[in-house]
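Please read the structure below before turning to the comments.
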There are 4 protein chains.
Amino acid sequence: MAKQPDPARRSQRSRQAILTAARELVSEVGYAKLTIEAIAARAGVGKQTIYRWWPSKGAVILDAFLALSESGPEQDITLPDTGDLEADLRAVMRATVAEFADPDFERPIRALNTEIINDPALAALYLEKLAGPVDEAKKARLRSAQRAGQLAADADLDLALELLYAPLYQRWLLRSGPLTAQYADALVDAFLKAMRPTGPS
Amino acid sequence: MAKQPDPARRSQRSRQAILTAARELVSEVGYAKLTIEAIAARAGVGKQTIYRWWPSKGAVILDAFLALSESGPEQDITLPDTGDLEADLRAVMRATVAEFADPDFERPIRALNTEIINDPALAALYLEKLAGPVDEAKKARLRSAQRAGQLAADADLDLALELLYAPLYQRWLLRSGPLTAQYADALVDAFLKAMRPTGPS
Amino acid sequence: MAKQPDPARRSQRSRQAILTAARELVSEVGYAKLTIEAIAARAGVGKQTIYRWWPSKGAVILDAFLALSESGPEQDITLPDTGDLEADLRAVMRATVAEFADPDFERPIRALNTEIINDPALAALYLEKLAGPVDEAKKARLRSAQRAGQLAADADLDLALELLYAPLYQRWLLRSGPLTAQYADALVDAFLKAMRPTGPS
Amino acid sequence: MAKQPDPARRSQRSRQAILTAARELVSEVGYAKLTIEAIAARAGVGKQTIYRWWPSKGAVILDAFLALSESGPEQDITLPDTGDLEADLRAVMRATVAEFADPDFERPIRALNTEIINDPALAALYLEKLAGPVDEAKKARLRSAQRAGQLAADADLDLALELLYAPLYQRWLLRSGPLTAQYADALVDAFLKAMRPTGPS
DNA sequence: AGTTAAGCGAGACGGTACGTCGAGTCTTTGG
DNA sequence: CCAAAGACTCGACGTACCGTCTCGCTTAACT
């Protein structure tokens, strides 16, 4: 049985330096050219210190993102709720489109996706730690819309989220089409049509 | 100026051996552990012969798939058209779900996606050569439905395809939920609601 | 100025455990593959405890041997003196040959020599603590022979010892020839010829 | 079964660069601090090229020395033979003493000895390729002396060489005494006494 | 007896080098 | 005269130890 390192003795200084270096390097050289060696060098850390605490390069990257999220500890992620579902969704979708267009944001996210695709364990971690909370916030907004009678009360919210976001995600990932505000609006329209409450008998 | 190899003199024997070896190895060891060296060895070919004709590992993989498609050269891909759009879509979507569940199919496709995400040039090639023809067939079916008044006449077919397939694609790629026949049906339902023709008057 | 550890507080338990572990490991894996880490682990001791008390790996090994010699504390090493120099020397040389042939003896001694060759300080320590007393005993026997008129009275005893033992040592170290009783006898013969008293004028 | 590299395709340019770099580095930093990595870097060579052709660091060093000897290909090593054995031996021994005192000579030789002690295969190679020819030349001189009646005709020449050189070698290796011209002379004296022909009648 | 300061086991740390693997290039050889 | 074979340089891999550095925990000596 292999000996496990003792988390109590872990150097927080090194941990932060590694995560920061990983984030910087992913932005600078991209994920494909990212090496453990470079992270260690940039962080001023022995390679073993990385291998000791992370099982794979992908895990480091994921952790680097998690650390970002955690740093704002008050993150009760809440989406705008003005009562006008369509307006709120458009705002959110347009913002998402803009986010995906930002190169500083794009590169690390592509990196993360590359790893996640081929590593189920990492995917699970990603869904739980990063995607999960965000999705929960989105669902909360949709539930509010359901209570307001703006959305079918029996709608499957997981499927609803996919309907809304998956087309955007796919287009971005495969670069199969332009990501514009118009596109965002079109998605909201289609989503609302699909999910609108069935009219009174 | 670098010398270009002369395609006329290219050995078809080597080309086929390389593509076959690539396909086999991707199935056996997965994409992450696939190496040019292994492909060359398996194909009984010098490494240089691979580098001479393909710019990257991803290009070889892509070519390996293209070769498969081309092998049935008469493929005017056509989707079933019984006149009943809902039934036809359910059949197609259920078949797609089943396909994604087949491990022999899954590994190479994940491999391809991994490469495509990080290589725009490859993505373009993929969209043109592999996804394109299939999408065209899907759109043809939808256009037929439009003519039959089962689908909004002014619907954006690109967006329509995304609405239908992207949720499935995302769920498969990120392993974020089960891929079942029920799920396929639910997607078809949502799609039809979103895309149904706006009532008369 | 670095703080010196206080020998009075030194743990004898740890010291013995380290020396024993060092001796065992040298026998088991040989000197080249011997590591401080392994010694510490085997001895159930922190690495620092070794670094605190010994300046180098070679010093630990040397100490391990010294400890062995010291354990028989009455060691007034004395060589047999029957009055018959030739017979006495043959016995001693044959015993030495046999000693060198014992694998349990050979490995540690080779280890020690490896270190000594490249570390003058260690060599000095070795000569003083280990070789010195033994050489003194040998010289005592030769002096006795000089008094008995069996050896040139003006012979340089350091050189005499070298003449007798160095060929054996070299042959063993470089494995340049067989170590047999015959060889031991031949060395004694040559030695006696070289060192016999010059005849009366 | 592992594939063997093909010596015919070996790059002589790389081989020479490696041997030269090894020789230089052993002189500069000593054997203990010599690393394969440094040799490769200095030689402008990939590490693999070293590992491909040599089984160990010691083998590289040995080869580096062999290459030196081979470079003067006509070397019928011959020792001076003026007819005066004592004078000739004194000259040779004094020269040897001087050689051992030269630091540029000392470091590599110590390096070589360190390796040889712990590696029987290397030792055999050393004896055959480096020590062998030199010893043969020395024996030739002694045979000449035997023919001239200056040495016992039945003397074992291997033992003779050891008697003459081993004390010097041991004193140098263990730094157990000064290496002077006087010492060289004393060794010659002792040697001649031990090996002189037994008187007539 | 209680305090305190050392040595101690443990083991994480920044490093260096290891020996291996594969990438992509260059050279030799054989069909 | 192309392409197989494979040796080459390069760089990263993941591992093993180095020697240093905290950590708590004994354990002895000195209040």
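All chains are named by letter (A, B, ...) in the order of the sequence lines, taking the proteins before the strands, and each is independently numbered beginning at 1. Just the heavy atoms: all of them, side chains too, but no hydrogens, waters or symmetry mates, feed the values below.
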Between C/Leu19 and C/Ala67, which heavy-atom pair has the shortest distance, and what is it?
CD1-CB, 3.7 Å

Whole angstrom value for the distance that separates C1' of E/dG7 from CZ of C/Arg15
16 Å

Tell me whether B/Glu28 is salt-bridged to B/Arg42, with the criterion being a basic N under 4.0 Å from an acidic carboxylate O.
yes

Gap between atom OH of C/Tyr126 and atom CG of C/Leu62 - 0.5 Å precision:
9.0 Å

Atom CZ of residue position B/Arg13 - does it have more than 12 heavy atoms of other residues, nucleotides or ligands inside 6.0 Å?
no

N/O contacts under 3.5 Å, protein versus nucleotides 26-28 of chain F?
none

Measure CZ/C/Arg52 against C1'/E/dA5 and give the value in whole Å, please.
13 Å

Counting C-beta onward and ignoring hydrogens, is there a side-chain heavy-atom pair between C/Val45 and C/Ile39 closer than 4.5 Å?
no

Please determine if A/Arg10 forms a cation-pi arrangement with A/Trp54, meaning its NZ or CZ atom is less than 6.0 Å from the six-membered ring centre and no more than 45° off the ring axis.
yes

Within the sub-3.5 Å range, which N or O atoms of nucleotides 11-18 of chain F have a protein N or O partner, and how far apart are they?
{"unit_1": "F/dC13", "atom_1": "OP1", "unit_2": "A/Ile36", "atom_2": "N", "d": "3.0"}
{"unit_1": "F/dC13", "atom_1": "OP2", "unit_2": "A/Ile36", "atom_2": "N", "d": "3.3"}
{"unit_1": "F/dC13", "atom_1": "OP2", "unit_2": "A/Glu37", "atom_2": "N", "d": "2.9"}
{"unit_1": "F/dG14", "atom_1": "OP2", "unit_2": "A/Tyr51", "atom_2": "OH", "d": "2.6"}
{"unit_1": "F/dG14", "atom_1": "O5'", "unit_2": "A/Tyr51", "atom_2": "OH", "d": "3.4"}
{"unit_1": "F/dG14", "atom_1": "N7", "unit_2": "A/Lys47", "atom_2": "NZ", "d": "3.0"}
{"unit_1": "F/dG14", "atom_1": "O6", "unit_2": "A/Lys47", "atom_2": "NZ", "d": "2.6"}
{"unit_1": "F/dC18", "atom_1": "OP1", "unit_2": "C/Ile36", "atom_2": "N", "d": "3.0"}
{"unit_1": "F/dC18", "atom_1": "OP2", "unit_2": "C/Ile36", "atom_2": "N", "d": "3.3"}
{"unit_1": "F/dC18", "atom_1": "OP2", "unit_2": "C/Glu37", "atom_2": "N", "d": "3.0"}

B/Ile39 CD1 - F/dA4 P separation (whole Å):
14 Å

Spacing of D/Gln12 atom CD relative to F/dA7 atom C1', expressed in whole Å
13 Å

Shortest non-hydrogen pair, C/Trp53 vs C/Asp6, comes out as CH2-O, 3.7 Å

Phosphate-side-chain proximity, D/Thr49 and F/dA7, N/O vs OP1/OP2 below 4.0 Å
no

A/Lys47 bridged to A/Glu37 by N-O distance under 4.0 Å:
yes

Does OP1 or OP2 of F/dA3 have a side-chain N or O of B/Ser14 closer than 4.0 Å?
no

Could you pick out which residue, A/Ser11 or C/Gly46, lies toward the 5' side of DNA chain E when each is mapped onto its nearest nucleotide?
C/Gly46

What is the distance, rounded to the nearest whole Å, between atom CD1 of C/Ile50 and atom C1' of E/dG7?
15 Å

Return no unless some side-chain N or O of D/Trp53 is found under 4.0 Å from OP1 or OP2 of F/dC8.
yes

For atom CH2 of B/Trp54 and atom C1' of E/dG24, their distance in whole Å
16 Å

Length of the line joining D/Arg13:CZ and E/dT27:C1', which is rounded to integer Å
13 Å

Salt bridge flag under 4.0 Å for residues D/Lys57 and D/Glu115:
no

